[in-house]
Visitor: 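Handing you this structure, nothing more for now.
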Amino acid sequence: MIFFGGDYNPDQWPETVWPEDVALMKSAGVNLVTVGVFSWSGLQPAPDSFDFGWLDRVLALLADAGIGVCLATPTASPPPWFTRSHPDAMPVNRDGVRLTHGSRDTYCVSSPAYRQASVRIARELATRYAGNPAIKLWHVHNEYGTTCFCDRCAAGFRVWLRFRYGNLAALNEAWGTDFWSQRYGSFEEVLPPRATQYLPNPAHELDYRRFFSDALLEHYLVQRSVLPGLVTTNFVLGGWVPVDHARWARSVDLVAVDDYPASIDDHLASRAFTADMARGWARAAGHADGRWLLMEHMPGAVRDSASGITRSLPPGSSADVASAYLSRGAVGVMYFQWRAGRGGAEQWHPAMVPLLDELGPLGTSLRPRSPVVVTAPTALLYDEECLWAWQSPHLPIRLDYSALALRWHRALCGPVDVLPVSAPLGSYSLVVVPALYLMSEATHAALRDFVSGGGTLVIGFGSGLVDECLRTTPGALDDLIGAGVARRVHLLPGETRPLAGDGAGVLWFDSLSLRGASALLRTADGEPAVTTHSYGAGVVRYVATDLDIGRILGGLP
Ligand code: GLA
């Protein structure tokens, strides 16, 4: 069976609409709906009063129609009574401003009051609906991602740092605090990376993201511990999200991902990348066959993130969109949302109901199908810590890591697992590694083992420049690639290094001195642009510039 459906917010509509909703769902082949994501104020209208009557009736209607439910805990949007009585549970931004109620995702996970309230509503739901046959999956929270810089988070950060580094000397050494007189004399002096005068310490910033990923995970795990059955949360992607999804994937029963491509151009390539990454997270975390669920995507449209304009896809596109996910191992395609609310900030967000002419036939066509199991000979390493690290303003160049990884992914033929760096590589014949700036000793060792064992590795410029604390590691890849980087050249937009034959390198150029490697492709003026090197039983290619990567990856493996 393939799941087909979406977020359903019946509480945003009069009850008279519900039977029509359910009848339409049934005829459209909908078999799973996510209910209750933003229903906290409806379920708990006051601190000590609960109203589950409406949810009982919704679940009964759905169950009668044979439609499964993914029941959410509503903790992503605390109700006004909560925020009014606990203003200190609101997040504080980098500038020290405490945010106020008025949107959603306005919470600080370090607040004991917020945690208690979250567990309480989760426990109430668990107690009432444990064993309800309509419930197929529990959905904790929504798109974890709110960062906070308050004093409580500062205290939590210090505990986390003590645990990570053990002592202050190790912290000072890891963060390079002799630079700009940042040496800490006690853990109490360490703050979150709040707004500061000039460039912040990049290692401090990176550790705060790591800490926050763990702080959010703790909030998820506490809720998970009170819920019966299979539990997940929907991962949201984007450079702003302080969540290391590869690590979180081990704590969900099914990896679930929301996918909103940033542009209508090449949206299918972007969806393919997300799908291969979701499967990679699932596989690396040990989920059977790398199965994963597309929890949300936009029906019939893509919101262009640069302009903010929602652009419709050509009529009939939904089948191709669904297939981009299903052919890559998704166990279901779910949309946000079934029916748009009449009011509120997402009243103009596309929904399934107006598109049922197209989505109905798609949903019914999926009825006889089962999820596919994907076996890929090729892996692309993609690391969210690297994504964060590449965002640092202190770097000598702006490099869009995800866009680069997406281009490399697109150039590969056949199925590809997009894997976190922690994943075992033994089953792949080809591993490609774009701009893996941050490489720990474990990652260095894993790549060398892979190649020694006969694998082909393609590694790109910008890789292996720092360790996990962002300390520079000059020459760390030299033995592997059979070359040293004599000079690193950053190119302005529009500036190129013409290549022999045709094409050009842009953005970045590593001038290589070959030490065992030979050039596969040179610049027009004779410098190596792509090299090959035998290492153990395998081969390493190094790509020294940003070029049409299809030329290099197209023929592999
Ligand atoms: C996210 C959220 C949904 C909704 C959509 C809009 O994915 O989870 O609640 O806001 O974005 O695209």
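Every number for a ligand or one of its atoms is a count from 1 in the order of the listing.
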Visitor: Side chains of Leu355 and Pro350: closer than 4.5 Å at any heavy-atom pair?
Guide: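 No, side chains not in contact.
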Visitor: Decide if the gap between the ring center of Tyr382 and the ring center of His409 is smaller than 6.0 angstrom.
Guide: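 Distance test on ring centres: not under 6.0 Å, no.
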Visitor: Compile the protein residues with any heavy atom at a distance under 4.0 Å from an atom of ligand 1; present them by chain, then by number.
Guide: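 Residue list for ligand 1: Phe38, Arg104, Asn142, Glu143, Asp258, Tyr260, Glu296, Phe336, Glu346, His349.
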Visitor: Using only atom types and a distance under 3.5 Å, with no angle test, would you say the side chain of Asp266 pairs donor to acceptor with the backbone of Ala269?
Guide: no
Visitor: Taking only distance into account, with no hydrogens and no angle test, what donor-acceptor pairs under 3.5 Å do side-chain atoms of residues 2-12 form with protein atoms, sequence neighbours excluded?
Guide:
residue: Tyr8; atom: OH; partner: Asp21; partner atom: OD2; Å: 2.8
residue: Asp11; atom: OD2; partner: Ser39; partner atom: OG; Å: 2.7

Visitor: For Glu358, check salt bridge (charged side-chain N to carboxylate O under 4.0 Å, His left out) against everything at least two apart and list the hits.
Guide: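 Expected list: none.
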Visitor: Among all residues two or more places apart in sequence or in another chain, which pass the side chain to side chain contact (heavy atoms under 4.5 Å, CB included) test with Ser27?
Guide: none
